[in-house]
Amino acid sequence: MSETTKYLLDESQIPTSWVNLPADLGPPPHPPLHPQTKEPLGPEDLAPLFAMALIEQEVSPEPEIEIPEEVADAYKLWRPTPLHRARRLEQALDTPAHIYYKYEGVSPAGSHKPNTAVAQAFYNKQEGVGKLVTETGAGQWGSALALACQMFGLECEVFMVGVSYDQKPYRRAMIETWDGTVHRSPSDLTEAGRSQAEHSSGSLGIAISEAVEIAAGAEDTKYTLGSVLNHVCLHQTVIGQEAIAQMELAGEYPDVVVGCVGGGSNFAGIAYPLLRRRLSEGLETRFLAAEPAACPTLTRGVFAYDFGDTVGMTPLMPMYTLGHDFVPPPVHAGGLRYHGDAPSLCALVKEGLVEARAVPQTSAFEAALRFARAEGIIPAPEPAHAIRTVFDEAEAAKEAGEERVILFNLCGHGHFDMAAYSAYLAGELEDLEFSEAEMDAALARLPEAPALT
Ligand SMILES: Cc1ncc(COP(=O)(O)O)c(C=O)c1O
């Protein structure tokens, strides 16, 4: 048997199109709704916020969408990313499972986020936009967008969730290094920020409201989102397509695919191309979505129409939600602190095609540390949740005495998250409980909208 550790592709093997999984599932039974009229949303409703090419991708019935040459050229800076066989980890866990990970931490910003950032910057530039404004949780998306704006000659303004702004000064410095501007959210620059001043640790929902408000009020400025929407999940599918080609090099096919979920984009990136194979070829691949126990959207949320932001400016989306004004506790995986999830992923969970798991942060960090000690790479706190789930699956394979093949997305490195590792090593990291009472209260404030079945 080959003892290869890294399965590498050539630049000529970067995918030439993105996989549009929603096209396989037919027209969505529950379209997004206008926040005021509650009527299905039309492209003209989104036009003030997003580039038209991205709006078209959002609702495209095409199974595949070609990657523009300029975007493919930008991808060449870090793609194809390596697929690793975690041989040392397998030994450390004493498991018969074969564990593979796709490593997206090799991008300049250190995560999967530039896969969509460069595409969004490209289409906006093509349509004459001068500036992009966005929110960021852990700082990964904000830094990825700053990088992409720098590459395509756009201005970039970022609202960063307060707790991450305080915990991650070097992510801020990174955004500024790529010439972006960054504000602590909630800020006093917007109506939305001022209205949420008492939630000083902030949340993705609040930061989204601030960014949307700025974009809606300025002529040559558009909003961009780093997750959740169809076009964002679409751009991430380069990950899974490359992984399929690399697993072929390894002579294996995954039995289980694992990814962490904040809004769902890295999970979609690794899983959707493999889900297409499962749907078309009748394969039995299992898909596991790992979320934080402190923000348990898929495992504890309700399936309902809700706003994507806190203040209620975005369209109503059909998704599992904890309530748009629920503020999750400040866990270190800032990128996973979101009250909802991608509607496409929620529909797959509802159909039973994807299983969800909730992971407490201390057990995620315990797994991340073991991973780092076996494989060397220090994972970001977000994929640490996926790693915990991989460990559980490896243990299950051992108990069953089966050589199961597990593939997961190591969607970012943790080099800017060392304060969290220090806290864990000092025994100071806690499992933050989310407030059931606050969640119930937030759910009671869900907007009036048609019930979902
Ligand atoms: C490294 C990393 N992983 C995961 C996420 C969660 O986002 P998503 O679920 O869209 O991949 C983030 C978000 O900021 C992130 O930075």
Side-chain angles (χ1 to χ4, degrees), residues 81 101-117 120 134-147 158-161 163-165 167-168 171 174-175 202-204 207-208 224-240 258-272 288-292 295 297-298 308 319-320 328 331-346 348-349 354 356 359 364 368 377-387 389 408-417 420:
T81 61
Y101 58 93
K102 182 75 169 148
Y103 185 42
E104 291 294 306
V106 295
S107 81
S111 79
H112 63 294
K113 297 284 178 181
N115 296 332
T116 182
Q120 295 193 45
T134 196
E135 75 295 327
T136 192
Q140 293 267 22
W141 167 241
S143 51
L145 190 70
L147 163 76
V158 180
F159 287 86
M160 186 166 181
V161 173
V163 64
S164 296
Y165 186 96
Q167 282 170 353
K168 296 180 186 180
R171 275 280 163 205
M174 219 169 162
I175 293 171
S203 73
L204 273 174
I208 293 173
T224 62
L225 193 60
S227 189
V228 177
L229 297 180
N230 285 344
H231 67 266
V232 182
C233 294
L234 172 85
H235 300 151
Q236 293 295 351
T237 59
V238 285
I239 303 173
V258 184
C260 66
V261 173
S265 75
N266 90 84
F267 181 85
I270 190 117
Y272 285 8
L288 303 181
E291 63 181 10
C295 187
T297 319
L298 294 170
M319 59 183 180
Y320 285 99
V331 286
H332 279 276
L336 306 185
R337 287 179 73 234
Y338 185 58
H339 67 271
D341 278 321
S344 62
L345 171 59
C346 293
L348 292 164
V349 170
V354 172
V359 177
I377 297 170
I378 300 177
E382 290 84 3
H385 293 68
I387 294 173
T389 304
F408 78 96
N409 196 16
L410 182 50
C411 57
H413 66 64
H415 298 177
F416 296 92
D417 303 282

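Start at 1 and go down the list; that is how both ligands and their atoms are numbered.
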Taking 4.0 angstrom as the limit and counting only heavy atoms of [X], give me the atoms of ligand 1 inside it, by number and element.
| X | result |
| --- | --- |
| L336 | 6 (C) |
| C260 | 4 (C) |
| S265 | 8 (P), 9 (O), 10 (O), 11 (O) |

From CA spacing to verdict: side chain to side chain contact (heavy atoms under 4.5 Å, CB included), S265, H235: CA-CA 9 Å; S265 75; H235 300 151; over 6 Å; no
Contact with ligand 1 for G137, non-hydrogen, under 4.0 angstrom: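 In this structure, G137 fails to qualify as a contact of ligand 1 - no heavy atom is under 4.0 Å.
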4.0 Å heavy-atom contact, E104 with ligand 1: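 No, E104 has no heavy atoms under 4.0 Å from ligand 1.
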Relative to ligand 1, is [X] under 4.0 angstrom through side chain, backbone, both or neither, heavy atoms considered?
| X | result |
| --- | --- |
| V261 | backbone |
| Q236 | neither |
| V232 | neither |

If we only count N/O pairs under 3.5 Å, is [X] in contact with ligand 1?
| X | result |
| --- | --- |
| G264 | yes |
| N266 | yes |
| K113 | yes |
| E382 | no |

Counterpart residues, salt bridge (charged side-chain N to carboxylate O under 4.0 Å, His left out), relative to E104 (two or more places apart):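 Expected list: R79.
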Heavy-atom nearest neighbour in the protein, as seen from atom 10 (O) of ligand 1, with distance rounded to 0.1 Å: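 For atom 10 (O) of ligand 1, the nearest protein heavy atom is S227 OG, 2.4 Å.
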Worked check of side chain to side chain contact (heavy atoms under 4.5 Å, CB included) between I208 and Y338: CA-CA 11 Å; I208 293 173; Y338 185 58; 3.8 Å; yes
Distance in Å, L145 CG paired with K113 NZ, rounded so as to fall on 0.5 Å steps: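 Result: 11.0 Å between the selected atoms.
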